[in-house]
Amino acid sequence: MPCKLPPRLKRGDTVAVIATARVTDAAKVQAGIEIIKGWGLAVIPGKSLYRQHHLFAGTDQQRIDDLQWALDDPEVKAIICARGGYGTTRILDALDMDGFTRSPKWICGFSDITGLLCHVHSLGLACLHSTMPQLFSQQNASTDYSSLHDALFNQQISVEVRSFTQNQYGKVRGELIGGNLSLLVHLLATNSEVDTAGKILVLEEVDEYLYHLDRMMIQLSRSGKLEQISGLIVGHLTKMKEGNLKFGTDAVGVIKSHISNPN
């Protein structure tokens with residue numbers, strides 16, 4: 001059964017910008033918020049958005065309180081996570097999702113936010129794997145945040161990519177799911193575990209050794225998550241490392257070696 005889509009946004013709506021993971025860069029996040037305001041949206045920042053507790057944007061309880069408020073407040077029509085990093089899965093089991101499931105709203109982010117996105121997907125609701133305000137000021141980021149705008153406002157999204165020698169050509173239709181590979185593996189055997197059957201799986205990763213990447217793909221394979229996918233999209237694999245253990249292939253080759261029909 002397809003995921004339920006939350007209502008799309010319109011000018012004048014209110015969105016929350018919150019931090020569920022690592023401490024944020026206040027100047028970069030604020031610059032991103034100004035861009036969101038330029039879309040005709042009102043922005044309410046979470047109380048913990050600029051806090052710091054060790055490496056996190058506030059204590060677990062402070063981040064729980066922010067996310068719970070954003071989930072429950074009827075004025076908030078979408079929740080945009082400020083950044084990823086680490087920490088979102090620490091707070092998932094403390095959330096009360098009942099009100100949110102009755103009145104869903106868009107939740108947006110990627111990287112560490114994959115944990116929250118998969119948690120929402122497990123409830124039968126759609127969400128957006130998207131860029132985040134702290135990244136809006138990066139070079140060439142306008143394409144990324146423009147696609148977030150278009151998705152939130154129900155404008156048609158078309159993604160074109162250059163051909164790649166290891167592509168396997170064909171046509172496929174299905175829900176897009178997935179995100180950060182480390183988080184997808186981390187969620188196995190939890191109530192946030194992603195259902196991949198009949199769906200198009202998207203993978204991205206950053207700053208991992210190739211043998212770690214291989215180990216995570218083995219775990220996805222052994223847990224049956226690759227058996228019934230309709231398609232696979234490999235996104236950014238950034239800062240992949242080989243180290244002293246020479247794997248003999250690149251990151252894409254590692255992933256491709258675990259697909260049943262790699263040719």
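These values consider heavy atoms only, across backbone and side chains, with no hydrogens, waters or symmetry-generated copies.
Side chain of N180 to backbone of T114: no donor-acceptor contact under 3.5 angstrom is found. Side-chain atoms of W106 come within 3.5 Å of backbone N or O of P7 as a donor-acceptor pair. D66 places no side-chain N or O within donor-acceptor distance of the main-chain N or O of I18, the cut-off being under 3.5 Å. At distances below 3.5 Å, not a single donor-acceptor pair connects side-chain atoms of N167 with backbone N or O atoms of Y169. Panel note: side chain Q134, backbone T24; no donor-acceptor pair is recorded below 3.5 Å. Within the 3.5 Å criterion, the main-chain N or O of F100 finds no donor-acceptor partner in the side chain of S103. For the pair E204 (side chain) and V234 (backbone), a donor-acceptor distance under 3.5 Å is absent. A donor-acceptor contact shorter than 3.5 Å is absent between the side chain of K241 and the backbone of L210. Remark: side-chain polar atoms of T190 are paired, donor with acceptor, to backbone N or O of S192 under 3.5 angstrom. At distances below 3.5 Å, not a single donor-acceptor pair connects side-chain atoms of R51 with backbone N or O atoms of T59.
A salt bridge links R63 and D60; the closest N-O separation between the charged side-chain nitrogens and carboxylate oxygens is under 4.0 Å. In summary, D195 and K199 engage in a salt bridge, as defined by a charged side-chain N under 4.0 Å from a carboxylate O. Taking 4.0 Å as the cut-off between side-chain N and carboxylate O, E208 and K239 do not count as a salt-bridged pair.
Distance SG/C118 to CG/L188: 9.5 Å, rounded to 0.5 Å.
Counting heavy atoms from C-beta on, the side chains of V29 and L49 come closer than 4.5 Å. Put simply, the side chain of I91 reaches to within 4.5 Å of the side chain of L67, judged on heavy atoms. Using a 4.5 Å heavy-atom cutoff, the side chains of L184 and M216 are not in contact. Under the 4.5 Å side-chain criterion, counting only non-hydrogen atoms from C-beta, L220 is not in contact with H258. Residues H129 and I177 have side chains not in contact (no heavy-atom distance under 4.5 Å, counting atoms from C-beta outward). In this structure, the side chains of I200 and L232 stay at 4.5 Å or more apart for every pair of heavy atoms. Using a 4.5 Å cut-off on side-chain heavy atoms (C-beta onward), I36 and F136 make contact. Using a 4.5 Å heavy-atom cutoff, the side chains of T249 and V254 are in contact.
A donor atom on one side chain and an acceptor atom on the other are found under 3.5 Å apart for E205 and S182.
Every residue two or more places apart in sequence or in another chain that forms a side chain to side chain donor-acceptor pair (under 3.5 Å) with Q30 is listed here: E34, Y50.
Aromatic ring centroids of H53 and F56 lie 6.0 Å or more apart. In this structure, the ring of H149 has its center less than 6.0 angstrom from the ring center of F153.
At most 12 non-hydrogen atoms from other residues, nucleotides or ligands lie less than 6.0 angstrom from CZ of R222.
In plain terms, the two heavy atoms of A70 and A16 that are nearest each other are CB-CB, 4.0 Å. For the residue pair G115 and T89, the shortest heavy atom distance occurs at CA-CG2, 4.2 Å. Nearest heavy atoms, E193 versus S122: O-CB, 4.4 Å.
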